[in-house]
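Order of the sequence lines sets the chain letters (A, B, ...), proteins ahead of strands, with each chain counted from 1. Values reported hereafter were calculated over all heavy atoms of this structure, with side chains retained and with hydrogens, waters and symmetry mates removed.
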2 protein chains.
Amino acid sequence: MARATTLEQVAERAGVSRQTVSNAINAPEKLHPDTLRRVKRVIDELGYRPDSKARALRTRSSGLIGYCVAERQDGSINVFMDRYLRALTAEVERTGRHLLLFTAPDGEEGLAVYEDLLARSAVDGFVLSNTAVGDPRHAWLRDRGVPFASFGRIWTGEPQPGPWVDVDGASGTAQAVEHLVAQGHTRIGFLGLQKGNPVGDDRERGWRRACAEHGAHVDDRLIARATDEHRDRGEAAAALLDSDDPPTALVAANDAIALGAYAALEERGLRPGVDVALTGFDDSPTAAVVRPGLTSLRQPIEEIAARVVRLLDNPEDDRGELLRPELVVRASSVNDDGGRNG
Amino acid sequence: MARATTLEQVAERAGVSRQTVSNAINAPEKLHPDTLRRVKRVIDELGYRPDSKARALRTRSSGLIGYCVAERQDGSINVFMDRYLRALTAEVERTGRHLLLFTAPDGEEGLAVYEDLLARSAVDGFVLSNTAVGDPRHAWLRDRGVPFASFGRIWTGEPQPGPWVDVDGASGTAQAVEHLVAQGHTRIGFLGLQKGNPVGDDRERGWRRACAEHGAHVDDRLIARATDEHRDRGEAAAALLDSDDPPTALVAANDAIALGAYAALEERGLRPGVDVALTGFDDSPTAAVVRPGLTSLRQPIEEIAARVVRLLDNPEDDRGELLRPELVVRASSVNDDGGRNG
DNA sequence: CTGTTAGCGCTTTCAA
DNA sequence: TTGAAAGCGCTAACAG
């Protein structure tokens with residue numbers, strides 16, 4: 001690998017001092033236009049770029065933002081990983097930095113990895129994701145004055161320890177309910193997560209509120225909960241479908257559970273969208289591909305990435321931002337197919 | 001953010017020179033056991049870690065491996081992104097390095113980004129992925145003596161410009177055919193990609209070879225091709241199903257096309273697995289979730305990541321490695337459900 | 001506006 | 001085995 005051009009080589013060739021070359025790059029307004037032009041030409045000729053490590057050493061900032069890819073496959077963020085990382089990388093680059101990936105165990109144990117990265121001054125800050133209930137990372141970083149921004153709240157009830165962006169789950173399920181009410185449904189079931197799961201509770205709140213607001217039934221017997229957040233064989237939906245007064249529509253807390261409901265419906269000879277309307281949440285890649293297409297709530301991943309990076313640099317700006325997901329209507333929730341069966 | 005401990009602080013506290021501390025970390029065998037113990041204790045007390053940038057500057061190696069996340073969503077690698085990046089990150093960490101993410105346009109244009117990273121000495125090498133036909137990156141990096149390893153071949157027919165790992169597509173579809181022949185099928189159709197797409201051609205070869213070997217029909221009229229590699233509405237399958245002598249089983253070149261076939265079957269009142277056996281390729285998350293579950297070929301992503309990193313460090317070791325995908329049998333390809341309907 | 005000096009924190013080289 | 005000197009390539013601070 002060829003040795004890269006240095007500042008000194010540029011300086012010599014341009015007949016100026018090293019500092020002038022540095023200024024040409026970092027503070028061009030300080031140079032006489034002629035000098036600037038001459039130096040710039042030499043820079044281009046030689047293809048010179050400041051050595052990132054030397055600059056980092058001197059400026060005490062690595063230009064790297066740490067991002068942890070969960071060590072164990074937990075499934076939930078899975079469906080966004082691709083979109084999110086792509087967007088985050090692009091956003092971070094817009095400010096001339098890069099994303100540094102690392103792995104760490106969940107919980108307290110993982111803090112050692114963050115500490116290591118910090119002790120080596122390998123990163124300037126962190127973007128947090130896969131936030132868990134009572135996640136210790138946020139407070140830990142805040143206490144050390146480390147810049148960070150989080151996709152996801154810590155859900156402890158206490159004030160958030162730092163800037164965050166999250167998706168408004170209640171708004172999402174409320175949109176789904178409104179959509180179903182507009183189709184004439186008044187008995188809309190909710191396929192939730194385990195009670196106490198803050199994401200599930202949030203999404204349940206939206207279902208409850210919207211049902212009340214729009215005159216649909218609100219009744220705890222319209223709620224069933226999935227045992228496994230990431231894989232459901234349809235048990236939750238089955239419970240509601242086999243009840244005395246089954247709902248005519250189902251709002252699921254996520255796509256995995258909605259997909260489980262497909263199985264439960266099929267077993268009972270019912271068709272999603274025709275016999276029972278169904279909506280999911282997350283707009284996973286699968287939602288667009290199954291038959292019939294699953295109506296779902298698309299998380300504004302690209303916007304989340306943009307805001308997270310902005311909050312990282314301007315932590316005072318806005319401490320928290322709640323973004324509305326967007327309802328993507330497919331055949332699973334509309335009686336009339338209307339060509340939307342994608 | 002608190003200033004990190006330096007070598008000098010450790011040295012002073014331990015009553016030794018800076019160099020001795022450096023040796024305690026990088027060449028402990030050079031120290032007297034007593035000195036080593038004393039220095040190590042101080043290192044632990046202070047939580048000292050060498051500053052990565054200073055070390056990198058001095059040793060001329062950043063400890064960072066570049067990985068490009070494709071700028072445009074091309075869909076194909078999408079399904080692996082999560083697993084692959086996780087595995088790659090872990091592998092790279094095993095040797096004390098980290099992954100640096102960046103974006104770059106496809107083709108020649110993107111080389112400027114690689115050049116920039118190199119000129120700044122921001123990375124020690126690259127792991128390539130999303131390899132395109134005639135991908136210019138490999139030869140470009142080789143010509144500059146930059147370490148790299150590729151997931152995916154360049155498919156030009158010329159010798160590969162550097163170490164690579166890839167999945168043996170032909171072996172995969174051959175496995176699928178053998179599985180179908182074992183179920184009694186002799187007319188097995190192939191749902192391929194556009195002719196000339198080397199991935200599709202490779203997978204087609206396996207189908208053809210295995211059909212010939214196992215006495216199944218081999219006939220170009222058993223082949224239909226999808227227009228769009230990433231989204232197929234079932235047109236390919238429809239062409240075969242509506243032919244004079246339709247196949248009783250279908251091997252698709254990827255899951256997206258197989259999923260398209262679900263639609264074509266449904267429209268004709270046929271059930272995957274019951275009336276027509278069907279297999280996909282890639283074992284996308286969707287394959288496990290659709291009804292019936294889609295039999296598919298799982299790429300050994302974790303092993304690919306491990307080998308890519310090994311090749312990066314030992315380019316002479318093995319220039320190319322072809323890995324066998326694993327057939328994951330689900331209900332779409334077996335007449336008897338057998339409880340495998342996942 | 002330009003140049004000189006100093007030093008970021010580390011490891012390599014060489015001397016003791 | 002340990003220590004001192006030098007310098008990786010850059011920019012902050014200041015002098016001219």
- Out of C:dT12, D:dT1, C:dC8, minimum distance to the side chain of B:His32 belongs to D:dT1
- Query: Once you round it to whole Å, what is the distance between P of C:dT13 and CG of B:Asn26?
  - Reply: 13 Å
- Message: Restricting to non-hydrogen atoms, name the atom on B:Pro161 and the atom on B:His138 that form the minimum distance, rounded to 0.1 Å.
- Response: CG-CB, 3.5 Å
- Any side-chain heavy atom of A:Phe102 within less than 4.5 Å of one from B:Val92? no
- Task: Using the six-membered ring wherever Trp is involved, compare the ring planes of B:Tyr114 and B:Trp140 and label them parallel, tilted or perpendicular (cut-offs 30° and 60°).
- Result: perpendicular
- Message: Please confirm whether the shortest side-chain N or O distance from A:Asn23 to OP1 or OP2 of C:dC1 is below 4.0 Å.
- Response: no
- Item | Backbone N/O of A:Ser61 and side chain of A:Asp124: donor-acceptor pair under 3.5 Å | no
- Query: If you find the nucleotide of DNA chain D closest to B:Leu36 and the one closest to B:Ala54, which residue's nucleotide is nearer the 5' end?
  - Reply: B:Leu36
- At under 4.0 Å between heavy atoms, what does B:Thr35 touch on the DNA or RNA strands: base, sugar-phosphate, or nothing? sugar-phosphate
- Message: Without decimals, in angstroms, what is the distance between A:Arg37 CZ and C:dC1 P?
- Response: 14 Å
- Message: Counting only side-chain heavy atoms from C-beta out, which of C:dG3, D:dG9, C:dG9 sits nearest to B:Asp51?
- Response: C:dG9
- Spacing between A:Arg55 atom CZ and D:dG9 atom P, to the nearest angstrom: 15 Å
- Answer yes or no: does atom CD of A:Glu12 have more than 12 heavy-atom neighbours from other residues, nucleotides or ligands under 6.0 Å? no
- If you check every side-chain atom of B:Ser17, which of D:dG3, D:dA12, C:dG9 has the closest atom? D:dG3
- Are OP1 or OP2 of C:dG3 and a side-chain N or O of A:Thr20 less than 4.0 angstrom apart? yes
- Take A:Lys53 and B:Leu31, find for each the nucleotide of DNA chain D with the closest heavy atom, and name the residue whose nucleotide sits nearer the 5' end. B:Leu31
- Item | From CG (A:Leu99) to CG (A:Leu88), nearest 0.5 Å | 5.0 Å
- For the side chain of A:Arg60, counting heavy atoms from C-beta on, which of D:dC8, D:dT11, C:dC8 is nearest? C:dC8
- Can you tell me the distance, in whole Å, between the CG atom of A:Asp124 and the P atom of C:dC8? 19 Å
- Task: Between C:dG9, C:dT11, D:dT11, spot the one nearest the side chain of A:Gln19, thanks.
- Result: D:dT11
- Query: Does a salt bridge link B:Asp34 with B:Arg37, judged by any charged N lying under 4.0 Å from a carboxylate O?
  - Reply: yes
- Over how many whole Å does the gap from A:Leu46 atom CG to D:dG9 atom P extend? 14 Å
- Message: Let me spell it out: for each of B:Pro50 and B:Lys30, pick the nucleotide of DNA chain C with the closest heavy atom. Which residue's pick is nearer the 5' end?
- Response: B:Pro50
- Taking the side chain of B:Leu57 as heavy atoms from C-beta outward, which of D:dG7, D:dG9, D:dA12 is closest to it? D:dG9
- Atom pair distance, as rounded to whole Å: CZ in B:Arg58 and C1' in C:dT12: 5 Å
- Item | Option passing side chain to side chain contact (heavy atoms under 4.5 Å, CB included) with B:Gln19 (candidates B:Asn23, B:Val16, B:Val21) | B:Asn23
- Message: Counting only heavy atoms and a strict 4.0 angstrom limit, can you tell me which residues of residues 5-16 of chain A come near DNA chain D?
- Response: A:Thr6, A:Leu7
- Query: How long is the line joining CD of A:Glu29 and P of C:dT2, in whole Å?
  - Reply: 12 Å
